[in-house]
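The block underneath contains the structure these notes are about, expressed in structure tokens.
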Amino acid sequence: MVIVMKPGVSEQEIQKLVAQLKEMGMDVGITNGIGCSILGLVGDTASVDMGKLSLNPNVDRVMRVQEPYKKANRKFHPESTVVQVGDVKIGEGNITVIAGPCSVESAPQITEVAKSVKASGASVLRGGAFKPRTSPYSFQGLEVEGLDLLLEAKAETGLPIVSEIMSPKLCEVFEEKVDIVQIGARNMQNFDLLKEVGKMSKPVLLKRGLASSYEEWIMSAEYILAGGNKNVILCERGIRTFESYTRNTLDVSAIPAIKKMSHLPIVVDPSHAGGASWLVEPLAMAAIAAGADGLMIEVHNDPLHAKCDGQQSLTPDQFQLLMEKVDKMTQVMGKQRNH
Ligand code: PEP
Ligand code: MN
């Protein structure tokens, strides 16, 4: 962190501030330039309140030179994290395809979709049981019964399961029933929830908030890592922009940018990004070409009658065709797909 002092501040005032900073555990280097002095702070600056420092009447500007996240930062953890779920490796050279319906609707629905996506090559089954819906009158999910139906589909297919958690109260039941805990876009900055899943032993798939910057997103991952849970997978799912033709705008730049900023794996959800089934394939190809570690795809056996997100769901046949293309792109990227 760098503090630029106002021109003409006395040596005595500078020393007063330096003493305060040292009391906070910082090492301070002073550079006296023409007209103003610059203080360089070394130490654990993540906990320093920049706002408070800038309130000092002798301070002109305060700038961070290091990111406020340590545990998620690639600088301090150069090797890419690989999250292991059963035999599935997420990250570094592996392409993982997570597939399944937006919501679990019934035993035959989830089991049929699970069998078909497994046959096409998916290695993780998704299905929402607690649904974050814009309208309180829309289908809210089967809740714990939905998790139990996912467990039945897991027993039939061997696929590990991922489902979205919406409340810290549900951590115990999710710890017991799911393999990966999903935090949805709307809850990316639900800090109480982040703290609680940080204490869980299950990996967390953290979706990007509707209008969150890379730094805000990584800071949310930092909450989970700071709680002791090292297994975080980031998921780019499109962001809000001025374009309304598509449901969201897939931010392809997020993939190489996040890889530069963080060691955590990143997967892409083209279904919620585009919001239309015909957009899923081109966005999925773009994601893998840009270096994503995997995909999350909505698949429904009867999209026309889906209780949620039918318009963006692939049929099992469309998913099979997508997987053939994913395999070709995986080869181009010199990676291998999880089976
Ligand atoms: C979902 O994956 O079902 C979902 C609700 O996604 P998002 O949080 O990205 O909107
Ligand atoms: Mn959905």
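Because only heavy atoms are used, hydrogens play no part in the values below, and waters and symmetry mates are left out as well, while side chains stay in. Counting convention: from 1, in listed order, for ligands and their atoms alike.
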Q: Quick one: report the N, O or S atom of D309 that is nearest to the Mn ion (ligand 2).
A: OD2
Q | Whether R208 lies under 4.0 Å from ligand 1, heavy atom | A | no
Q) Would one find an N or O of Q182, backbone or side chain, under 3.5 Å from an N or O of ligand 1? A) yes
Q) With atoms numbered from 1 as shown, which atoms in ligand 1 lie under 4.0 angstrom from a non-hydrogen atom of K207? A) 1 (C), 2 (O), 4 (C), 6 (O), 7 (P), 8 (O), 9 (O)
Q: Return the name of the atom in E298, of element N, O or S, nearest to the Mn ion (ligand 2).
A: OE2
Q. Would you say E164 and ligand 1 have an N/O pair spaced under 3.5 Å apart?
A. no
Q: Sort out for me which residue in I3, I38, V2 forms a side-chain contact (heavy atoms from CB on, under 4.5 Å) with M63.
A: V2
**Q.** T96 versus V88, closest heavy-atom pair with distance
**A.** CG2-CG1, 3.7 Å
Q) Can you tell me if an N/O/S atom from H272 lies under 2.8 Å from the Mn ion (ligand 2)? A) yes
Q. Among all protein non-hydrogen atoms, which one is nearest to atom 4 (C) of ligand 1, and what is the separation to 0.1 Å?
A. H272 NE2, 3.5 Å
Q: Using a strict cut-off of less than 4.0 Å between a Lys/Arg side-chain nitrogen and an Asp/Glu carboxylate oxygen, indicate whether R74 and E79 qualify as a salt bridge.
A: no
Q: Please could you name the atoms of ligand 1 that R237 approaches to less than 4.0 Å, counting only its heavy atoms?
A: 7 (P), 9 (O), 10 (O)
Q) A185 to ligand 1: N or O pair under 3.5 Å? A) yes
Q) Is any NZ, NE, NH1 or NH2 atom of the basic residue among K169 and D192 found under 4.0 Å from an Asp or Glu carboxylate oxygen of the other? A) no
Q | Pair D327 + R337: basic N to acidic O under 4.0 Å | A | yes
Q: Determine, for E164 against K131, whether the closest basic-nitrogen to carboxylate-oxygen distance falls under 4.0 angstrom.
A: no
Q | For G184, atoms of ligand 1 separated by under 4.0 Å from a heavy atom | A | 8 (O)
(Q) Any salt bridge linking K199 with E196? Criterion: basic side-chain nitrogen under 4.0 Å from a carboxylate oxygen. (A) yes
Q. Does the ring center of F130 lie less than 6.0 Å from the ring center of F174?
A. yes
Q.
Show the atoms of ligand 1 that are less than 4.0 angstrom away from any heavy atom in R186.
A. 7 (P), 8 (O), 10 (O)
